[in-house]
Amino acid sequence: MARAPILFAVLCVVAPLAAQRALSGSRPNILFVFSDDHACQAIGAYGSAFGATPHIDRMAADGVLFAGNYCGNALCGPSRASILTGLHSHANGFCRNGNVFDGNQTTFPKLLQQAGYQTAIVGKWHLETDPTGFDHWLVLPDQGQYYNPDFLTKDGLVRHEGHATNVTTRLAIEWLERRDPQKPFVLMCQHKAPHRNWLPAPEELGLFRDRDLPEPATLFDDHAGRMPARGATEMEIARHMTLHYDLMVPPTEAERPTLSSLDRAWMSQRARMTEAQRAAWDAAFAAEDEAFRRENPQGKQLVRWMYQRYLKNYLRCVAGVDRSVGELRAWLDRHPDVKANTIVIYASDQGFFLGEHGYYDKRWMDEECFRMPLVMQWPGVLDQGRAVPQLTQNIDFAPTFLDLAGAPVPKGLHGTSLVPLLERRDVAWRDAVYYHYYESQATHRVPAMFGLRTATHKLVRYYEPEWNCWELFDLRADPDERQNLAADPAQRELLASLQQRLVALRTQYGDDTGEIAAGGFQHTAGIARAVRDGDGVRVWANAQSGFLLRTIEPVAKAAWTTTMRSLAARPLRNGFLVVRGDQGKEAVRGGIEFGARKLVLLMPGGTPARLEAPIEWDGASAVELQLAVDLAAGTVAVAAAGQRLEAKLVPRWKAIAAVGMGASNTETWFADIVAR
Ligand code: SGN
Ligand code: CA
């Protein structure tokens with residue numbers, strides 16, 4: 001069964017256009033409802049036939065839907081950081097989950113606060129540092145829990161009983177009721193749902209029980225003809241979804257001893273539930289689980305079963321978020337004076353794969369996850385039932401809010417206020433949106449990439465040396481993005497012109513990351529930039545233990561030297577030399593912890609796995625580092641600044657296969673590595 005194509009359903013709604021009113025500086029209250037991983041394919045107003053979003057659909061019919069809205073980096077933390085700052089990831093420093101948001105930056109909540117707004121946030125935050133710029137905040141630690149979640153507050157952790165969606169809505173409404181009514185407000189109500197592992201609220205457990213949901217046409221995609229990592233990525237329903245953690249099938253006695261850590265995480269999520277919550281849960285799934293065990297589907301039938309279980313739970317979570325939108329809208333209906341002055345916004349941090357290409361999760365630049373829903377209502381002021389076709393992006397949110405509030409919009413933001421589009425003004429608008437994803441080699445193993453999307457085409461550059469390739473899609477002829485035209489001679493001119501446009505966009509946004517041109521490194525991970533600089537390489541690692549590795553002629557004994565200098569003003573981590581053997585990806589690292597001024601030696605599987613010793617060093621000047629491995633003697637040693645550490649070599653390598661350098665979340669200069 002093919003799924004109905006995404007139609008911009010609201011385009012068809014003929015609804016009155018509101019009287020034109022100048023929106024800039026109109027200082028409305030801003031009620032920003034935001035969810036996690038809610039794809040447009042699961043919203044009726046965007047053409048979804050699943051029927052999970054009656055309230056959001058009504059909101060779109062009462063307001064404006066942005067039909068071409070995109071994120072700049074399809075991951076939670078990065079999207080949120082771009083929304084707060086109006087800047088793409090490279091400029092706000094939050095490139096991947098696990099980075100730490102610099103809360104000293106200028107953000108729209110801070111500027112609204114300065115402009116006399118009350119600012120509040122409840123729910124998911126995921127930026128690692130405490131929220132700044134909010135009069136009131138109550139956020140989930142990290143990803144947070146679905147059932148009976150703890151919230152971080154200025155006074156520590158507080159647990160609230162109930163489902164995260166319900167609790168977040170309740171906390172938002174409580175704040176609305178006790179805020180200062182004399183001042184305009186911005187309230188960010190940020191749901192955890194429908195994020196993995198899709199635990200619906202009790203209210204939605206009964207939905208979609210009696211029917212099969214349509215399958216996407218590409219559920220059994222073989223990824224042929226596209227860049228090779230698409231088949232190797234770890235986000236396929238068939239190969240990477242777990243029966244227990246992702247699909248909540250209770251393990252049998254026989255399965256219990258071999259549960260993965262994820263599956264055990266599901267057992268502890270269950271343990272968090274109250275007895276009543278657990279009873280409701282078990283009652284909802286028991287019959288289906290029994291039938292599943294009895295029928296024991298295999299092959300494609302198993303994938304189909306998994307898809308149904310996954311999508312239904314996902315949509316139940318979506319329906320919970322939709323119910324929250326309904327409750328917040330109902331609150332406004334009960335407070336017409338507030339409603340008359342409030343713009344309500346619904347969006348999600350990025351989209352999600354709902355079985356398209358056989359996938360779940362996001363990260364790729366494919367429409368399913370690159371796209372973000374964005375709907376706004378302000379009855380009597382905004383048009384009703386209008387779809388905005390222009391290409392808009394999460395970087396536009398901050399300037400839009402500031403523009404509405406009449407607060408100064410800082411110079412140099414990457415985004416543009418959407419107010420002219422809301423006012424139906426005939427303005428020149430961007431012809432392309434830019435994308436840059438960095439979280440390579442992490443969860444789900446999606447390679448780093450940057451690219452652009454125009455109204456008709458998409459160009460993606462996979463820049464890591466392991467991939468080093470392009471994808472080009474014609475979105476009109478091939479909306480499912482299955483046919484990569486990058487190597488098609490007939491598209492040569494188009495490819496060249498889009499490549500030029502991409503270079504221009506990168507220059508416009510000042511993005512010089514995504515260049516790994518230092519040469520000769522076949523393997524890299526967690527490196528945002530590596531360029532030649534004098535007699536060495538300047539490396540920006542945006543992950544813990546990002547590295548560049550060069551394959552060498554296999555040897556049994558070798559020693560290497562480099563000189564390194566720490567360049568970053570950000571909190572300093574470490575710089576190291578790294579050696580990989582011929583057995584898998586196991587590597588030994590020896591280097592310096594810059595901040596703590598320690599020499600460290602890290603060895604997978606060793607006891608201890610880490611040796612360290614203090615060094616005398618000013619923390620700033622260049623320092624020579626040596627790493628030596630001797631397979632016959634079974635030793636590894638690191639030396640720098642007059643200190644030396646030696647350990648027994650644990651990995652069972654037959655030869656040393658690759659050598660390189662790396663760093664953690666910092667920028668470092670390394671002299672060319674010399675073999676001794
Ligand atoms: C967790 C999920 C991943 C998901 C990331 C990022 N695993 O790691 O599936 O891609 O979050 O999601 S889970 O085991 O914790 O469910 S994000 O929306 O926060 O960026
Ligand atoms: Ca997300």
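Position 1 is the first residue of the sequence, and the numbers go up from there. One-based numbering, in listed order, for ligands and for the atoms of each. The model shown is predicted, which means the values in this text are computed figures rather than measured ones.
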Legend entry - Trace of the salt bridge (charged side-chain N to carboxylate O under 4.0 Å, His left out) decision for R226 with D366: CA-CA 12 Å; R226 280 147 287 166; D366 297 36; over 6 Å; no
Can you tell me which residue and heavy atom of the protein come closest to [atom], and the distance to 0.1 Å?
atom: atom 4 (C) of ligand 1; value: D361 OD1, 3.4 Å
atom: atom 17 (S) of ligand 1; value: C76 CB, 3.1 Å
atom: atom 18 (O) of ligand 1; value: K362 NZ, 2.9 Å
atom: atom 3 (C) of ligand 1; value: H444 NE2, 3.4 Å
atom: atom 16 (O) of ligand 1; value: Y245 OH, 2.7 Å
atom: atom 7 (N) of ligand 1; value: R196 NH1, 3.4 Å
atom: atom 11 (O) of ligand 1; value: Q143 NE2, 2.9 Å

Inset, instruction - Kindly assign one of parallel, tilted or perpendicular to the pair H436 and Y434, based on the angle between their ring planes and the thresholds 30° and 60°. - result: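 Perpendicular.
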Inset, instruction - Please state whether the rings of Y310 and F352 are parallel, tilted or perpendicular, taking 30° and 60° as the class boundaries. - result: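 Geometry flag for F352 against Y310: tilted rings.
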Spacing of [X] atom [atom1] and [Y] atom [atom2] [to the nearest 0.5 Å]:
X: M267; Y: L262; atom1: CE; atom2: CG; answer: 13.5 Å
X: H55; Y: E327; atom1: NE2; atom2: CD; answer: 8.0 Å
X: L374; Y: L418; atom1: CG; atom2: CG; answer: 7.0 Å

Legend entry - Stacked cation flag R209 on F285, 6.0 angstrom / 45 deg: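 Pair R209/F285 counts as cation-pi.
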Inset, instruction - Mark yes or no: R506 above the aromatic ring of F450, with NZ or CZ under 6.0 Å from the six-membered ring centre and no more than 45 degrees from the axis. - result: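 Cation-pi check for R506 and F450: passes.
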Taking only heavy atoms of [X] into account, list the atoms of ligand 1 that are under 4.0 Å away from them.
X: H126; answer: 19 (O)
X: K124; answer: 19 (O)
X: R363; answer: 4 (C), 5 (C), 6 (C), 10 (O)
X: D36; answer: 18 (O)
X: L262; answer: 14 (O)

Legend entry - Q350 backbone or side-chain N/O/S under 3.0 Å from the Ca ion (ligand 2):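 A backbone or side-chain N, O or S atom of Q350 is under 3.0 Å from the Ca ion (ligand 2).
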Legend entry - OD1 (D36) - the Ca ion (ligand 2) - OD1 (D349) angle, nearest 10°: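 It comes to 80°.
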Inset, instruction - Apply side chain to side chain contact (heavy atoms under 4.5 Å, CB included) to T168 and K192, showing your working. - result: CA-CA 9 Å; T168 303; K192 169 182 172 62; over 6 Å; no
Inset, instruction - Just give me the atom name: the N, O or S atom of D37 closest to the Ca ion (ligand 2). - result: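 For D37, the N, O or S atom at the smallest distance from the Ca ion (ligand 2) is OD1.
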Inset, instruction - Have a look at S324 and tell me which of T169, N166, I173 forms a side-chain contact (heavy atoms from CB on, under 4.5 Å) with it. - result: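 Going through T169, N166, I173 one by one, the side-chain contact (heavy atoms from CB on, under 4.5 Å) with S324 is satisfied by T169 alone.
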